[in-house]
Amino acid sequence: MLVILMSLSLIGIIFVQVFFINNSLQNEKKQFTLNVKRSLSFVSNAIEDREFNNYATKMHELIARGEVADSISLKELTVLTQDEVANQTIIYRNAILEESFKVPSMFFDIGLDSINVSRFFNQRETRVYDNNSLDGNLRISPQKTIREFSSLPEVEKKLYELNYRDVFKNYPIYKRVSADDVQELLAKQLKIDGIETDFEFAIYDKDLATKVQSNNFELVKSSTYGVPIFLDNHNESNYKLYLNFPDRNKYLFSSILGMTILSIIFTSIIIITFASAIHQLIKQRQISQIKTDFINNMTHEFKTPIATINLALDSIKNPKIIGDQEKVLRYLKMIKDENKRMHAQVENVLRISKLEKNELNISKERVKLHDLIEDAITHVELMVEDRQGYVKTHLEADKSSVLANETHFTNVLVNVLDNAIKYSDDAPKIDVHTENVGNHILVKISDQGNGMSKQVQKKIFEKFYREHTGNVHNVKGHGLGLAYVKRIVEDHQGHISVESEKGKGSTFIIKLPLIT
């Protein structure tokens, strides 16, 4: 239940983090799109304003030369009012004067002979007449006249805009704006809007590329932004300014990279902590099971010799046997052997404990590994002969000198040979091979016994581990022998492994460095 709850919590945290990062990325995309469109609109207007201002400036220069207007038209509004109190007639007159000029178009290089330009002035006049001196035709001079003259810049600007858009509507785009100008305006405005990444641009005319574009522009509809440019008097245009960002996704990810990295780091810490906790729980459970098995095995191992010793002691106490020296000696030998067996088991436990605490003093000297093999075989040959088996040696290594502790390494070989004997239901058949491989010597101890599964092979060198055989204790041991073997071999800078198949025997391979 604890594992399930922790797993659900971890999955929930990961889901929330992914959702949050994805949501942040979507927000960044929306903000990026908004900023890009704002920049494009600004640049489009800036290009149009630059062209119009240039056009208007040239027009003012032409008109300022003092040329006579080709035609003049006048539109006026006259309002007459009567002031009964003052006995006066007031005439208000508001006139708009339009001067038209024909300007040579070569000044703008637009392919036309000439263009018409108009200029407007406003004239306002107020006349006051005394009714006592008026005749029917208002031919007398007024008592007071007020005149005001002024230009109409807003009207002129609007006319210039209308005229400008009509004149340049079909003008080639590459003559109206250059790629360098667009590049400069876009770079400046994108930086102002906080977008600092490489971009490509192009101006298209009815879906056809024009000369005004960057070198590597590609029109990809899913990731290209565009706005109309050079609108006509009907707010329509054939031209469109497109903007593309080759590293768009990379740039967007970089904007949330710091947050993502921190999220990954903290999530990873949680995962590692969770995995470690689960591993410790499983390990503690395994240790608990191993300890239980170990206690059961040790209890069984000690139960038999203790029972044998008690029986031997009871027999010796028997008046009929205590006088028989031969039987007494036999029982004493049984007690000594069983005591020795229990002592060996305790010694194995102590040796493993000292190895783990690095308290076991292992002094090494130059020895012949072949001599250690022969010595180890003498320790087990009686057991092998008793079960009508054999141990054959195939010592084919030309060099066998190693740096080793004679006692401990002999125990290593004896342990492996003892396992081969114990785990052979029939007569034990053991072959010991040696060979040189580079600067190492290999010792292979093969038997034709019970063998083991792949799962058992992975755990065979673990302390206290024994293959489960139910409640049957037909093989004596407590799972310490091979753990001791592995620690000693590794202390000699060597390596031990096993190759086995269930029902076909096992081969233990020990690899040690040679010395010259």
Side-chain angles (χ1 to χ4, degrees), residues 348 351-352 355 362 364 366-381 383-384 389-425 428-463 465-467 475 477 479-516:
N348 268 336
R351 266 188 289 182
I352 289 292
L355 268 176
I362 302 178
K364 304 180 185 72
R366 183 189 184 98
V367 293
K368 292 282 188 181
L369 189 57
H370 286 170
D371 294 341
L372 298 184
I373 292 172
E374 296 289 354
D375 185 32
I377 291 173
T378 60
H379 284 74
V380 299
E381 60 184 355
M383 289 187 293
V384 174
Y390 66 79
V391 179
K392 293 182 180 179
T393 57
H394 312 273
L395 308 179
E396 299 173 357
D398 295 329
K399 301 176 182 179
S400 68
S401 295
V402 295
L403 191 64
N405 181 283
E406 185 174 346
T407 302
H408 285 291
F409 213 84
T410 300
N411 286 338
V412 165
L413 297 170
V414 170
N415 267 294
V416 176
L417 291 168
D418 185 54
N419 265 12
I421 296 167
K422 287 195 296 185
Y423 290 96
S424 295
D425 292 338
K429 298 174 182 179
I430 304 169
D431 291 278
V432 182
H433 298 261
T434 64
E435 61 176 298
N436 290 127
V437 178
N439 294 326
H440 293 79
I441 182 171
L442 292 185
V443 180
K444 296 182 180 180
I445 301 175
S446 304
D447 64 66
Q448 300 177 29
N450 302 337
M452 63 190 87
S453 64
K454 296 290 185 184
Q455 185 178 2
V456 174
Q457 290 176 49
K458 294 177 181 177
K459 300 182 178 180
I460 197 68
F461 296 108
E462 293 179 9
K463 187 174 64 170
Y465 178 80
R466 294 191 70 204
E467 185 176 5
V475 177
L480 292 174
L482 290 178
Y484 166 76
V485 165
K486 181 178 174 64
R487 293 297 298 267
I488 295 296
V489 171
E490 289 177 348
D491 188 73
H492 285 72
Q493 286 75 51
H495 179 265
I496 184 169
S497 60
V498 63
E499 295 175 356
S500 182
E501 189 175 346
K502 193 72 173 175
K504 295 185 178 180
S506 305
T507 299
F508 284 85
I509 304 168
I510 300 172
K511 183 179 181 181
L512 289 175
L514 292 167
I515 60 171
T516 56

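For this chain, numbers begin at 1 and follow the sequence in order.
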Testing Leu403, Val402, Ile515 for side chain to side chain contact (heavy atoms under 4.5 Å, CB included) with Lys364, which one passes?
-> Leu403

Is there side-chain contact between Ile445 and Leu413, with at least one heavy-atom pair below 4.5 Å?
-> yes

For His495, does the NE2 atom have more than 12 heavy-atom neighbours from other residues, nucleotides or ligands under 6.0 Å away?
-> no

Drop me the distance from Gln457's CD to Lys454's NZ, to the nearest 0.5 angstrom.
-> 5.0 Å

Any Val437 side-chain heavy atom under 4.5 Å of Lys511 side chain | no

Is the backbone of Asn405 close enough, under 3.5 Å, to the side chain of His492 for a donor and an acceptor to pair up by distance?
-> yes

Got a second to check how far Ser497's OG is from Ile460's CD1, nearest 0.5 Å?
-> 13.0 Å

Tell me, please, which residues at least two apart from Ser446 pass side chain to side chain contact (heavy atoms under 4.5 Å, CB included).
-> Thr507

Does Asp418 reach the side chain of Met383, with side-chain heavy atoms less than 4.5 Å apart?
-> yes

If you round to the nearest 0.5 Å, how far is CD of Gln448 from CD1 of Ile430?
-> 10.0 Å

Return the minimal non-hydrogen interatomic distance between Thr410 and Glu406, and the atom names on each side.
-> OG1-O, 2.6 Å

Output for pair (Lys458 NZ, Met452 CE), nearest 0.5 Å, gives 14.0 Å

Taking all non-hydrogen atoms of both residues, which atom of Val498 and which atom of Ser506 are closest, and how far apart?
-> CG2-CB, 4.4 Å

Test side chain to side chain contact (heavy atoms under 4.5 Å, CB included) on Leu417 and Val432 and set out the steps.
-> CA-CA 9 Å; Leu417 291 168; Val432 182; 4.3 Å; yes

Between atom CZ of Phe409 and atom CD1 of Ile373, what is the distance when rounded to the nearest 0.5 Å?
-> 8.5 Å

Any side-chain heavy-atom pair of Glu374 and Leu395 under 4.5 Å | yes

For the residue pair Phe508 and Phe461, does the interplanar ring angle fall in the parallel (under 30°), tilted (30 to 60°) or perpendicular (over 60°) class?
-> perpendicular

Tell me, please, which residues at least two apart from Asn436 pass side chain to side chain contact (heavy atoms under 4.5 Å, CB included).
-> Ala397, Asp398, Lys399, Ile441, Leu514

Decide yes or no for Lys429 and Ser424: does some side-chain heavy atom of the first lie under 4.5 Å from some side-chain heavy atom of the second?
-> no

What pair of heavy atoms forms the shortest contact from Ser500 to Gly451, and how long is it?
-> OG-CA, 3.3 Å

Quick one: does Ile496's side chain get under 4.5 Å of Leu482's, heavy atoms only?
-> no

Under 3.5 Å, side chain of Glu381 to main-chain N/O of Val391, donor-acceptor pair present?
-> no

Only counting residues at least two apart or in another chain, list the ones meeting side-chain hydrogen bond (donor to acceptor under 3.5 Å, both in side chains) with Thr434.
-> His370

Is the shortest heavy-atom distance from the side chain of Ile510 to the side chain of Val412 under 4.5 Å?
-> yes

Is Asn415 reaching over with its side chain to a backbone N or O of Asn411, donor-acceptor style, under 3.5 angstrom?
-> yes

With the threshold set at 4.0 Å, does a side-chain nitrogen-carboxylate oxygen contact exist between Glu499 and Lys444?
-> no

